[in-house]
Visitor: 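Take a look at this one; I'll ask things after.
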Amino acid sequence: MYDEILVPTDGSEAVDRALDHAVRLATDHDATLHALYVVDQRIATANSGDLHDDVVEDLESQGETAVDAVADAAAAAGLDAETHIAHGTPDTEIVEYADEAGIDVIVMSPEGKSPRERIRSLGSVSDRVADDASVPVFLIK
């Protein structure tokens with residue numbers, strides 16, 4: 001039923017809860033886990049000028065750490081994993097990746113960001129993904 005499972009990650013502790021569920025689901029279905037981190041272009045654009053490249057590099061480094069953690073959890077469970085870092089608006093990139101990669105289900109946490117960060121980003125990424133995705137979205141609180 002599920003061959004390809006997407007775990008969007010922002011590197012927060014909330015992702016760990018979603019990852020536990022995704023690993024169990026992938027184990028039950030012998031599925032591949034896909035880890036996706038999105039470098040939020042809104043943050044990079046807001047830091048134009050001399051700091052732009054440093055900000056993007058820092059976000060990409062955080063992304064590598066985040067997707068590697070998902071890949072490590074998959075490997076520990078004997079699962080295959082694919083990692084990807086995208087640039088853009090998180091909800092849009094998650095939905096596009098799911099469509100392009102043939103994802104069967106998205107497993108994510110709605111609690112990755114603090115309330116202040118959610119206000120600044122105009123709502124919950126997970127809400128927009130759940131609204132726009134063409135596949136099931138499991139939100140793990």
Side-chain angles (χ1 to χ4, degrees), residues 1-49 51-141:
M1 181 171 197
Y2 300 125
D3 295 320
E4 308 293 330
I5 299 172
L6 174 58
V7 180
T9 180
D10 61 3
S12 69
E13 289 182 20
V15 173
D16 293 341
R17 289 187 300 276
L19 181 57
D20 288 343
H21 287 276
V23 166
R24 277 187 255 139
L25 190 62
T27 300
D28 289 347
H29 294 276
D30 193 28
T32 298
L33 281 182
H34 293 252
L36 175 66
Y37 179 91
V38 179
V39 174
D40 193 331
Q41 285 304 118
R42 297 169 297 182
I43 296 171
T45 301
N47 291 289
S48 59
L51 294 177
H52 179 267
D53 291 343
D54 291 338
V55 169
V56 170
E57 186 177 310
D58 185 49
L59 291 171
E60 289 174 343
S61 177
Q62 290 176 32
E64 288 291 338
T65 300
V67 297
D68 286 349
V70 174
D72 290 347
L79 300 167
D80 292 331
E82 295 184 21
T83 62
H84 186 72
I85 296 178
H87 292 252
T89 305
D91 55 296
T92 302
E93 293 299 322
I94 292 166
V95 170
E96 286 180 6
Y97 181 87
D99 289 341
E100 292 169 6
I103 298 300
D104 299 307
V105 64
I106 301 169
V107 180
M108 61 190 301
S109 173
E111 301 171 359
K113 292 185 175 182
S114 70
R116 185 192 310 181
E117 289 173 313
R118 282 192 201 132
I119 290 169
R120 281 190 295 176
S121 65
L122 302 174
S124 168
V125 170
S126 60
D127 288 344
R128 291 190 298 272
V129 169
D131 288 343
D132 296 339
S134 61
V135 297
V137 179
F138 291 163
L139 297 178
I140 309 300
K141 292 193 175 218

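Nothing here was measured: the structure is a model prediction, and the numbers come from that model.
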Visitor: Apply the test side chain to side chain contact (heavy atoms under 4.5 Å, CB included) to residues I94 and D132: give CA-CA distance (whole Å), side-chain angles for both, the deciding distance (0.1 Å), then the verdict.
Guide: CA-CA 10 Å; I94 292 166; D132 296 339; over 6 Å; no
Visitor: Test: salt bridge (charged side-chain N to carboxylate O under 4.0 Å, His left out). Region: residues 16-27. Which pairs qualify, not counting sequence neighbours?
Guide: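 Matches after skipping sequence neighbours: R17-E111.
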Visitor: Considering non-hydrogen atoms only, spot the tightest contact between V137 and A130 and give its length.
Guide: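 Looking at all heavy atoms of both residues, the closest pair is CG2-CA, 4.0 Å.
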Visitor: Applying side chain to side chain contact (heavy atoms under 4.5 Å, CB included), run through D104 and M1 and close with a yes or a no.
Guide: CA-CA 8 Å; D104 299 307; M1 181 171 197; over 6 Å; no
Visitor: D91: what forms a salt bridge (charged side-chain N to carboxylate O under 4.0 Å, His left out) with it, not counting sequence neighbours?
Guide: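 Testing D91 for salt bridge (charged side-chain N to carboxylate O under 4.0 Å, His left out), a comparison that skips the adjacent residues, returns R128.
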Visitor: For T32, is there any backbone N or O sitting under 3.5 Å from a side-chain donor or acceptor partner on D80?
Guide: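 Judged by distance alone, no pair lies under 3.5 Å.
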Visitor: Could you check if a side-chain atom of M108 sits within less than 4.5 angstrom of a side-chain atom of I140, using non-hydrogen atoms only?
Guide: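 Result no, sub-4.5 Å side-chain heavy-atom pair not found.
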Visitor: Compare every heavy atom of V23 with every heavy atom of L79, then report the nearest pair and how far apart it is.
Guide: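 Residues L79 and V23, closest heavy atoms: CD1-O, 3.9 Å.
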Visitor: Say you draw a straight line from OH of Y2 to CG of D28; how long is it, rounded to the nearest 0.5 Å?
Guide: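 Going from OH on Y2 over to CG on D28, the span is 11.0 Å.
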Visitor: Would a 4.5 Å heavy-atom cut-off, applied to side chains only, mark P8 and V38 as touching?
Guide: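 No; the side chains remain at least 4.5 Å from each other.
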Visitor: For the pair T89 (side chain) and T92 (backbone), establish whether a donor and an acceptor sit closer than 3.5 Å, ignoring hydrogens and angles.
Guide: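 Not a single qualifying donor-acceptor pair exists.
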Visitor: For Y97 and H84, run ring-ring contact (aromatic ring centres under 6.0 Å, His included): C-alpha distance rounded to whole Å, both residues' side-chain angles, the deciding distance at 0.1 Å, then the answer.
Guide: CA-CA 9 Å; Y97 181 87; H84 186 72; 5.3 Å; yes
Visitor: Please report the C-alpha distance between H29 and I5 in whole Å, then the side-chain angles of each, then the deciding distance to 0.1 Å, and finally whether the side chain to side chain contact (heavy atoms under 4.5 Å, CB included) criterion is met.
Guide: CA-CA 10 Å; H29 294 276; I5 299 172; 5.6 Å; no
Visitor: Between the main-chain N or O of E57 and the side-chain N or O of S61, is there a donor-acceptor pair closer than 3.5 Å?
Guide: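 Side chain of S61 to backbone of E57, a donor-acceptor pair under 3.5 Å: no, none is there.
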Visitor: Do D40 and L59 have side-chain heavy atoms sitting under 4.5 Å apart?
Guide: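 The answer is no, as the side chains (C-beta and beyond) never meet within the 4.5 Å cut-off.
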Visitor: So if I apply the side-chain contact (heavy atoms from CB on, under 4.5 Å) rule between H34 and each of L6, V7, I106, which one comes out positive?
Guide: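 Among L6, V7, I106, the one meeting side-chain contact (heavy atoms from CB on, under 4.5 Å) with H34 is L6.
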Visitor: Between S126 and L139, which heavy-atom pair has the shortest distance, and what is it?
Guide: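 Looks like CB-CD2, 3.6 Å.
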Visitor: Restricting to non-hydrogen atoms, name the atom on E4 and the atom on A31 that form the minimum distance, rounded to 0.1 Å.
Guide: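 Here E4 and A31 meet closest at N-CB, 4.3 Å.
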Visitor: Measuring from T9:OG1 to I85:CD1, what's the distance to the nearest 0.5 Å?
Guide: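 One finds 10.0 Å between OG1 of T9 and CD1 of I85.
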Visitor: I'd like to check S109 versus E13 (side-chain heavy atoms, cut-off strictly below 4.5 Å). Are they in contact?
Guide: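 Side-chain contact under 4.5 Å: no.
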Visitor: Taking only residues at least two apart or on different chains, which pairs with a member in residues 58-71 satisfy salt bridge (charged side-chain N to carboxylate O under 4.0 Å, His left out)?
Guide: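 Residue pairs with at least one partner in residues 58-71: there are none.
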